**Q** 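Structure in structure tokens, see below.
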There are 2 protein chains.
Amino acid sequence: MPKATVERLPLYLQCLQAIGDSETTVSSDALANVAGVNSANVRKDLSYLGSHGVRGVGYDRLELCAQLRRALGLTDKWPVVIVGVGNLGSALANYQGFDASGFNVIGLYDADPSKIGARVDGQRIKSMEDLELDIKKHEVQMAILTTPAGAAQEVADMLVSVGILSILNFAPALLKLPDTVKCRQVDLATELQILSYYQASRPT
Amino acid sequence: MPKATVERLPLYLQCLQAIGDSETTVSSDALANVAGVNSANVRKDLSYLGSHGVRGVGYDRLELCAQLRRALGLTDKWPVVIVGVGNLGSALANYQGFDASGFNVIGLYDADPSKIGARVDGQRIKSMEDLELDIKKHEVQMAILTTPAGAAQEVADMLVSVGILSILNFAPALLKLPDTVKCRQVDLATELQILSYYQASRPT
DNA sequence: TGGGCATCGTGATTCGTTTCACAAGCGCAC
DNA sequence: GTGCGCTTGTGAAACGAATCACGATGCCCA
């Protein structure tokens with residue numbers, strides 16, 4: 001499946017949920033409008049799912065949701081860990097959408113001894129030693145990294161060494177990882193700078 | 001300038017800062033290695049800056065930084081507002097990198113009266129009325145949206161109506177905006193779901 | 001039961017981006 | 001000075017993705 005398609009599937013899922021119960025069926029055109037893409041593009045994307053829409057009618061909303069979830073590997077909940085419970089880590093820990101999205105935060109971890117034991121959204125912050133043990137015990141494969149930039153590489157190395165295979169990195173640092181590990185980078189400064197470019201190059 | 005190039009410029013800037021003072025000059029190859037892209041790609045990207053590297057030597061590190069900043073429109077600091085001071089908004093308000101990246105948070109705003117007046121990272125949380133006034137007064141063009149999903153569209157409409165032209169949206173909601181307004185979406189669930197796809201489709 | 005309408009699925013085309021490959025240019029050493 | 005090694009800048013080729021265009025197909029209603 002093309003990379004570009006994979007990156008749109010979550011969008012479709014979100015759009016379908018936004019459309020809600022009112023419609024039992026959705027056309028590629030309707031979905032395209034909500035998602036802001038071309039309808040042929042939607043159809044091509046969905047065709048990778050082996051999805052069978054009905055000509056003249058569209059796609060069954062619920063079935064399409066199910067197919068998207070299946071394609072994205074969201075049939076079971078993925079256990080994830082959050083490493084680094086600063087402001088951002090706390091914010092993510094409080095995020096209520098994990099469950100609905102197919103994930104389950106099994107623990108929060110921090111290197112700072114003074115934070116350990118504190119509670120965030122009902123979960124007790126645990127130590128880095130616990131992190132290693134928990135990852136192995138629960139066979140966790142996905143981690144969210146919200147440490148300071150300086151600590152990110154070191155923590156990432158440790159995560160990889162105990163079996164983590166996917167990292168969502170919020171630390172403003174470029175991680176050097178083995179290419180068996182998939183990483184996605186979310187960077188506030190980068191996003192703002194991209195906006196800045198378009199802002200600056202507006203025809204005034 | 002190609003979209004793909006624009007989205008890499010901040011990355012180069014970050015890499016150059018990571019390389020630090022040790023080197024006065026950088027080759028496209030060195031930069032490519034750190035950034036994780038092809039060196040021909042780096043050269044082509046930089047050629048859009050009208051940059052003049054020196055054959056046999058490379059690019060002057062500081063000059064290249066300056067050129068990148070100029071191209072990205074980071075010569076002056078952009079004033080930005082943060083709207084919605086929940087966990088995520090607070091986290092962003094505490095982010096120390098704004099200054100270095102070329103931005104200046106001029107205010108934090110929330111619709112919840114009980115939050116108004118509280119301080120986050122030294123800034124007083126202000127009301128939505130103040131938000132409108134401040135945007136007009138300081139001619140703010142960029143906003144960071146960290147409200148709950150339900151309020152995002154309404155707030156965005158207001159922002160647009162008072163002159164905001166770029167929105168960085170962290171709310172898990174798809175904004176309907178006039179196409180004069182540039183928006184970038186950052187969505188935790190989406191990112192995790194993309195990772196989930198690759199995780200699920202690994203050859204076990 | 002048949003005709004018309006709506007919509008899908010997909011080959012062909014276009015577009016944008018990445019990569020390759022190499023000539024041109026600069027600097028250093030001898 | 002002259003030659004050699006390194007690195008840029010860029011045309012050409014390869015690749016991947018978006019869009020177009022249309023045949024195929026199912027549904028609804030007369």
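Source: prediction; values computed, not measured. Below, chain A is the first sequence line, B the second, and so on; all start at residue 1.
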**Q** May I ask you to decide whether A/Arg184 forms a salt bridge with A/Glu7, counting only side-chain N to carboxylate O separations under 4.0 Å?
**A**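 Salt bridge: yes.
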**Q** Give a yes/no on whether any side-chain N or O of A/Ser28 is located under 4.0 angstrom from OP1 or OP2 of C/dC8.
**A**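 Affirmative; the distance criterion is met.
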**Q** OP1 or OP2 of C/dC28 versus the side-chain N and O atoms of B/Arg55: is any pair under 4.0 Å?
**A** no
**Q** Please work out which residues in residues 32-47 of chain B have a non-hydrogen atom less than 4.0 Å from an atom of DNA chain C and list them by number.
**A** B/Asn38, B/Ala40, B/Asn41, B/Arg43, B/Lys44
**Q** What is the distance, to the nearest angstrom, from the NZ atom on B/Lys3 to the P atom on D/dG16?
**A** 18 Å
**Q** Any sub-3.5 Å donor-acceptor pair from B/Gln96's side-chain atoms to B/Asn94's backbone N or O?
**A** yes
**Q** A/Ala4 or A/Gly56: which one's nearest nucleotide on DNA chain D is closer to the 5' end?
**A**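 Nearest nucleotide further toward 5': that of A/Ala4.
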**Q** Nearest whole angstrom, please: distance from the C1' of D/dA21 to the CG of A/Asp29.
**A** 15 Å
**Q** Can you measure A/Leu31 atom CG to C/dG9 atom P for me and round it to whole angstrom units?
**A** 13 Å
**Q** Given atom CE of B/Met1 and atom C1' of C/dT18, what is their separation to the nearest angstrom?
**A** 17 Å
**Q** Kindly point out which of C/dG9, C/dT17, D/dA17 is positioned nearest to the side chain of A/His52?
**A** C/dG9
**Q** For a side chain to side chain donor-acceptor pair (under 3.5 Å) check, start with the C-alpha distance between B/Asp45 and B/Thr5, then their side-chain angles and the critical distance, and finish with the verdict.
**A** CA-CA 6 Å; B/Asp45 285 342; B/Thr5 294; 2.7 Å; yes
**Q** Using only side-chain N and O atoms of A/Tyr59, determine if any of them is under 4.0 Å from OP1 or OP2 of C/dG9.
**A**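 A/Tyr59 to C/dG9 OP1/OP2: side-chain N or O found under 4.0 Å.
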**Q** Take atom CG of A/Leu49 and atom C1' of C/dG9, then tell me their distance rounded to the nearest Å.
**A**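 That distance rounds to 13 Å.
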**Q** Any chance you could lay out the side chain to side chain donor-acceptor pair (under 3.5 Å) test for B/Tyr109 and B/Asp134, step after step, and finish with the verdict?
**A** CA-CA 10 Å; B/Tyr109 307 86; B/Asp134 286 355; 2.5 Å; yes
**Q** Rounded off to whole Å, could you give me the CG-to-P distance for the B/Leu9 and C/dT17 pair?
**A** 13 Å
**Q** If you apply the rule side chain to side chain donor-acceptor pair (under 3.5 Å), what do you find for A/Asp60 with A/Thr25, and how did you get there?
**A** CA-CA 5 Å; A/Asp60 183 84; A/Thr25 198; 5.9 Å; no
**Q** Using atom OH of B/Tyr48 as one end and atom P of D/dT10 as the other, report the distance to the nearest whole Å.
**A**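 To the nearest whole Å, that distance equals 10 Å.
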**Q** Any ion pair linking B/Lys176 and B/Asp157 (charged N to carboxylate O, less than 4.0 Å)?
**A**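 A salt bridge is absent here (no side-chain N lies under 4.0 Å from a carboxylate O).
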**Q** Checking B/Leu74 against B/Phe103 for the side-chain contact (heavy atoms from CB on, under 4.5 Å) test, could you report, in this order, the C-alpha distance in whole Å, the side-chain angles of both residues, the deciding distance, and whether it holds?
**A** CA-CA 8 Å; B/Leu74 302 173; B/Phe103 303 92; 4.0 Å; yes
